[in-house]
Amino acid sequence: MELVEKKRCVIVAAGVTESEDILKQNIYYDDFVIAADAGYTKLKKTGIEPDLIVGDFDSSDTPENDTETIVLSPIKDCTDTEYALGEAQKRGFDEILVLGALGGRIDHSIANIILTARFKQNGISVTLADEHHRIYALCDETKTFVKSDRYISVYAFAEPCEVCFEGFYYGNGTVKLSPFDTVGTSNEITDQTAKLTVSKGIAVIIESSIK
């Protein structure tokens, strides 16, 4: 399949995944798939072949196959996941899903959350997902939610932001959040549909399973 036919990029990173089902349920036939370092091992177990492999392979062996592979130096100024995101951006993708970006080492999880906001500054939507969370950034846009058993947490990133809540249990109306505020933690949807509008600054959104 030609690259131009692929609408979305999915990156599989080396973080914790509780089950292979997270890959099978979130990777579609028309996705451009990048394996970041040991993410290739996860894909191999599911029988999914990536379109590109990148990494310094300090946590796994260098793959030996015909797939396009970019071998990085272990001494570099970015993580393997960040490099993979940059490759996705170069190849024209503005919607990127990252699996295996959370769990394990907390420093890598925090770095990946920061990247959702940084890439949003360039108009690129990056979502981190695992079995219990979806994390992404919003900027000058509205997100609509359908009522479900999920907590919605909202945090200002880098600078204060303005967020309008509609259909939530707490804080309906426009709220100003600073990067040091935690008041946006664990909100709940009360209406059949709810909306978050970020009108100023960048907000990081964390959807968490209640159960």
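Note that the coordinates shown come from a computational prediction; the quantities given were computed from them, not determined experimentally.
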**Q** Can you confirm whether the side chains of S19 and E131 place a donor and an acceptor under 3.5 Å from each other?
**A**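 No, no side-chain donor-acceptor contact under 3.5 Å.
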**Q** Does V33 offer a backbone N or O that forms a donor-acceptor pair with the side chain of D51 under 3.5 Å?
**A** yes
**Q** Same cluster or not: are V204 and V175 linked, directly or through other Ile, Leu, Val, Met, Phe, Trp or Tyr residues, by side-chain heavy atoms under 4.5 angstrom apart?
**A**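 Hydrophobic grouping puts V204 apart from V175.
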**Q** Please round to the nearest 0.5 Å and tell me the distance separating atom CG of N112 and atom CG of L85.
**A**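 Answer for the CG-CG pair, N112 versus L85, is 7.5 Å.
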**Q** Hey, does the side chain of S209 reach the backbone of R150 with a donor-acceptor pair shorter than 3.5 angstrom?
**A** no
**Q** Is the backbone of I152 close enough, under 3.5 Å, to the side chain of N187 for a donor and an acceptor to pair up by distance?
**A**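 Looks like no, no N/O pair under 3.5 Å.
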**Q** More than 12 heavy atoms of other residues, nucleotides or ligands under 6.0 Å from NZ of K24: is that the case?
**A** yes
**Q** Got D56 and Y83 here, is their nearest side-chain heavy-atom distance under 4.5 Å?
**A**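 Not in contact.
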**Q** Please confirm whether the backbone N or O of A101 pairs with a side-chain atom of D130, one donor and one acceptor, at under 3.5 Å?
**A**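 Such a contact is absent between D130 side chain and A101 backbone.
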**Q** Okay, side chain of E141, backbone of C139: is any donor-acceptor separation there less than 3.5 Å?
**A**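 Checking the backbone N and O of C139 against the side chain of E141, a donor-acceptor pair under 3.5 Å is found.
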**Q** Report yes if some heavy atom in the side chain of K42 is under 4.5 Å from a heavy atom in the side chain of T17; otherwise report no.
**A**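 The answer is yes, as the side chains (C-beta and beyond) meet within the 4.5 Å cut-off.
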**Q** Quick check: do Y151 and E188 have side-chain heavy atoms less than 4.5 Å from each other?
**A**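 In contact.
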**Q** Determine whether N26 and L99 make a side-chain contact, defined as any pair of heavy atoms from C-beta on separated by less than 4.5 Å.
**A**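 Contact flag for N26/L99 side chains = yes.
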**Q** If I take atom CG from residue L115 and atom CD1 from residue I110, how far apart are they, to the nearest 0.5 angstrom?
**A** 12.0 Å
**Q** Could you tell me whether the side chain of Y40 reaches within less than 4.5 Å of the side chain of E49, counting heavy atoms only?
**A**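 Contact flag for E49/Y40 side chains = yes.
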**Q** As a test of understanding, state which of I11, T69, L43 forms a side chain to side chain contact (heavy atoms under 4.5 Å, CB included) with P50.
**A**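 For P50, the side chain to side chain contact (heavy atoms under 4.5 Å, CB included) test succeeds with only one of I11, T69, L43, which is L43.
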**Q** Nearest 0.5 Å please: distance from the CD1 atom of I96 over to the CG atom of L128.
**A** 10.5 Å
**Q** Crowded around D66 CG? As in, over 12 foreign heavy atoms under 6.0 Å?
**A**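 It does not: D66 CG has 12 such atoms or fewer within range.
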**Q** Run the side-chain contact (heavy atoms from CB on, under 4.5 Å) check on F157 and I113 step by step: do they pass?
**A** CA-CA 10 Å; F157 182 84; I113 293 170; over 6 Å; no
**Q** With no hydrogens and no angle check, is any side-chain donor or acceptor of R134 less than 3.5 Å from a backbone partner on E207?
**A** no
**Q** Are the side chains of V10 and F32 in contact, using a 4.5 Å heavy-atom criterion?
**A** no
**Q** Please check this pair: side chain of K120 against backbone of Y136, looking for a donor-acceptor N/O pair closer than 3.5 Å.
**A** no
**Q** How far does CG of L97 sit from OG1 of T127, to the nearest 0.5 angstrom?
**A** 6.5 Å
**Q** Can a side-chain donor-acceptor contact be found between K147 and T193 if the only test is distance below 3.5 angstrom?
**A** no
**Q** Any donor-acceptor pair under 3.5 Å linking the side chain of S208 with the backbone of H133?
**A**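 Not confirmed, S208 side chain does not pair with H133 backbone.
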**Q** Is the backbone of F180 close enough, under 3.5 Å, to the side chain of S178 for a donor and an acceptor to pair up by distance?
**A**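 Yes; judged by distance alone, with no hydrogens or angles, the pair exists.
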**Q** Please check if any side-chain donor atom of Y155 sits under 3.5 Å from a side-chain acceptor atom of T182, or the reverse.
**A** no
